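Everything numeric in this text was worked out from a predicted model, so none of it was measured. Counting begins at 1 with the first residue of the sequence. In listed order, ligands and their atoms are each counted from 1.
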Amino acid sequence: MKQLNINTSNQSYPVYIGNNILEEVPDLLGSFLGDKSKALIISDTNVSVLYGDKLKRILEPILPVSIVTVPNGEHSKSMASYEKLLTACIEEGLDRQSVIFALGGGVIGDLAGFSAATYMRGIPFVQVPTTLLAHDSSVGGKTGINHSLGKNLIGAFHQPSAVLYDTGTLTTLPDEEWRSGFAEMIKHAYIQDPDFLHWLKENVKTIADVKTDKIRQFLKRSIAVKAEIVKEDEKEAGIRAFLNFGHTLGHALEKNSGYDGQITHGEAVAAGMVFAMRLSNELGLSAWKVSEEIDWLKSLGYPVEAPSQYSVQKLIEAMKKDKKASAGNIKFVLLKEPGRPFLYTIDEKLLFELLSNDRRGMTRND
Ligand SMILES: NC(=O)c1ccc[n+]([C@@H]2O[C@H](COP(=O)([O-])OP(=O)(O)OC[C@H]3O[C@@H](n4cnc5c(N)ncnc54)[C@H](O)[C@@H]3O)[C@@H](O)[C@H]2O)c1
C-alpha cells in the first residue's frame, strides 16, 4: 500500500492507495470512525451495484450505515440530486458526528462532498474514488455542483477526512473512463513535473499501458503534484489556478455537449490542453515545439481539436461564464514549456479568430 499526506493550513489527511484496501478500512479508519454516530454512503447507480454492499458490509461492524444513490453521469451534479441527498441526510438522522462516504468517480466526490460541506454547516466525509480521474478530484477539497448556466458554479472548499483509493475497483472501469482519467494525470505532469511527463511518455504508448501494475506508482506521483499545489494554495488564490490547464476550452466543450456523454471530462480537457499549447505558440509566448505532444495525445485516442459540431461563438459564450473568467474576460492557463505554466487573459475577438482558424487547421505550425 502507498500512502501520502495532504497538508493544508487547516487540516492534514491521509491518501491510501492500494489493491483491495477497502477491506483494511477498520484498521485504517478505525480510530476516526470510533466516535462517529452514523455513516451514509453516497454513490451512483453503477458503482453502488458493484461496490456499495461491500463497503456497507465492511463499515457495519463499526457504525450504523445506509446507502443512497443518484443516477450515474454528470447530470447528477445538479440542484435536484443535491436536494435529494440532503433529504436523505435528514431522513437518515445524520448529525454533526456523522460521516459521509463518497463512493464513486468525480461526480460523486464533488456532489457528496458538497452535501457534506453544507449539511448542518459541514460534516466530515471520506472520499472513496473508483475512477482514474477521481485521483485528481478526490484530493484538494473542491466540492460542488453544476448550474444550468455553467459547470461547477456552486460549491465549497471542504477537505475530506481521508481518501481511500482501492485500485481494485478500477478493474471494472470502462476503457473510455481510463482515457478520461489519464488526461488529468497528463495535466499534472505538464504543469508541474516534466520528469513525470517524460516517464509517462516513455511508458504509456496506448491506454492499455496505464492499466498495469505501474498504476499505483503513476497515481502516487500524480497525486503528489496535486498535494504540493494544494499545500501552497488551498483556496486557489494563486498557483492552484494552474490545475485548470486545458479546462477553459474543456469546460466549454462539456457545457456545449449538454453533459450527455458525447465527450468525457478528460477528452474535453485533452482537447483543451492541445488548444492551450497551440495558443502559447500562436501568441509567441512559447517557442516550445508541441507537435510531439500532440502526436502522443492523438495516439492515446484523445481529440486534439475542438470537435466541429460545437459553434465557436457558443464555446466562447461558455468560456465567458466559466469560473476562471473575471468580468467576462477569458483566461487560459498556458505553458512556456512543461513545468512553466502561466495565466493569460485573451481578447475575445482574437480568441474567436484563433479558435476558428485552429478548427480549419490554418494555424498549425506543430
Ligand atoms: N473537485 C475537483 O477537484 C475535480 C477535479 C477534476 C474533475 N472533477 C469533476 O469530476 C467529474 C468527472 O469525474 P469522473 O470522470 O470520475 O466521472 P463519473 O463520476 O461520472 O464516472 C464516470 C463513469 O464511470 C462509472 N464508474 C465509476 N467508477 C466505476 C468503476 N469502478 N467501475 C465501473 N464504472 C465506474 C460511473 O458510474 C460513471 O458512469 C466532473 O464532474 C469534473 O468536474 C472535479
* Structure fact -> Any heavy atom of D110 under 4.0 Å from ligand 1? The part involved is side chain
* Any luck finding a side-chain donor-acceptor pair between H247 and E254 under 3.5 Å? -> no
* Polar-atom distance check: Y51 versus ligand 1, any N or O pair below 3.5 Å? -> no
* **For L173, the ligand 1 atoms whose distance to one of its heavy atoms is below 4.0 Å** => 28 (N), 29 (C), 30 (C), 32 (N), 33 (C), 35 (C)
* Asked: Is there a donor-acceptor pair closer than 3.5 Å between any side-chain N or O of D209 and the backbone N or O of T206?
  -> yes
* May I ask you to identify, for L133, whether its side chain, its backbone, both or neither come under 4.0 Å of ligand 1 on a heavy-atom basis? => side chain
* Is it the case that Y82 and T118 place a side-chain donor and acceptor less than 3.5 Å from each other? -> yes
* Starting from atom 4 (C) of ligand 1, find the nearest protein heavy-atom neighbour and note its residue, name and distance. => S137 CB, 3.2 Å
* Nearest protein heavy atom with distance in Å, relative to atom 34 (N) of ligand 1 -> P174 CD, 3.9 Å
* Asked: Considering only the protein, which heavy-atom contact is closest to atom 26 (N) of ligand 1, and what is its distance?
  -> V47 CG2, 3.7 Å
* Asked: Any N or O on L50 sitting closer than 3.5 Å to an N or O of ligand 1?
  -> no
* Return a yes/no value for E74: is any of its N or O atoms, backbone included, closer than 3.5 angstrom to an N or O of ligand 1? => yes
* Part of T264 with heavy atoms under 4.0 Å of ligand 1, whether side chain, backbone, both or neither -> neither
* Asked: Under 4.0 Å from any heavy atom of N72, which atoms of ligand 1 are there?
  -> 37 (O), 39 (O)
* Asked: Can you tell which of E254, E176, K151 gets a heavy atom nearest to atom 43 (O) of ligand 1?
  -> K151
* Q159 (side chain) donor-acceptor with G140 (main chain) under 3.5 angstrom -> yes
* To do: Mind checking whether K226 contacts ligand 1 via backbone (N, CA, C, O), side chain (CB onward), both or neither, at a 4.0 Å heavy-atom cut-off?
  => side chain
* Asked: Strictly by modelled atom types, are Q127 and Y13 linked by a side-chain donor-acceptor pair under 3.5 Å?
  -> no
* **Protein contact of atom 21 (O) of ligand 1 - nearest heavy atom, named by residue and atom, plus distance** => T131 CG2, 3.7 Å
* Can you tell me which residue and heavy atom of the protein come closest to atom 18 (P) of ligand 1, and the distance to 0.1 Å? -> V107 CG2, 3.8 Å
* Flag for N329-T345: side-chain donor and acceptor within less than 3.5 Å -> no
* Indicate the ring-plane relationship of F182 and F218, choosing parallel, tilted or perpendicular according to the 30° and 60° boundaries. => tilted
* If you have a sec, work out which protein heavy atom is nearest atom 28 (N) of ligand 1 and how many Å separate them, to one decimal? => T130 OG1, 2.8 Å
* Asked: Is there a donor-acceptor contact under 3.5 Å linking the side chains of T69 and S43?
  -> no
* Asked: Parallel, tilted or perpendicular: which fits the ring planes of Y344 and F342, with parallel below 30° and perpendicular above 60°?
  -> perpendicular
* Can you pull out the closest protein heavy atom to atom 14 (P) of ligand 1? Residue, atom name and distance to 0.1 Å, please. => G106 N, 3.5 Å
* Shortest reach to atom 31 (N) of ligand 1 by a heavy atom, considering only T169, L103, N244 -> T169
* To do: Return yes or no for this condition: an N or O of D44 is under 3.5 Å from an N or O of ligand 1.
  => yes
* **Residue pair S12 / N7, side-chain donor-acceptor N/O under 3.5 Å** => yes
* Asked: What's the shortest distance from atom 25 (C) of ligand 1 to any protein heavy atom, and which residue and atom give it?
  -> N46 ND2, 4.0 Å
* Validation row: H198, E202 side chains within 4.5 angstrom (heavy atoms) -> yes
* Asked: Taking N or O atoms only and a 3.5 Å limit, does T143 qualify as a polar contact for ligand 1?
  -> no
* Relative to the heavy atoms of K142, which atoms of ligand 1 are at a distance of less than 4.0 Å? -> 1 (N), 3 (O)
* Assign the ring pair H158 / F125 to parallel, tilted or perpendicular, where the plane angle (0 to 90°) is split at 30° and 60°. => parallel
* Measure centre to centre between the rings of H135 and Y165, then say whether the value is under 6.0 Å. => no
* Asked: Have T45 and S48 got a donor and an acceptor in their side chains that come within less than 3.5 Å?
  -> no
* Asked: Which bit of E177 is near ligand 1, meaning a heavy atom under 4.0 Å away: side chain, backbone, both or neither?
  -> side chain
* Could you check which of T171, V49, L170, T172 puts a non-hydrogen atom nearest to atom 33 (C) of ligand 1? => T172
* ligand 1 to I108 polar contact by distance, N or O atoms, under 3.5 Å -> no
* Asked: In the single-linkage hydrophobic clustering (I, L, V, M, F, W, Y; side-chain heavy atoms under 4.5 Å), do L133 and V107 co-cluster?
  -> no
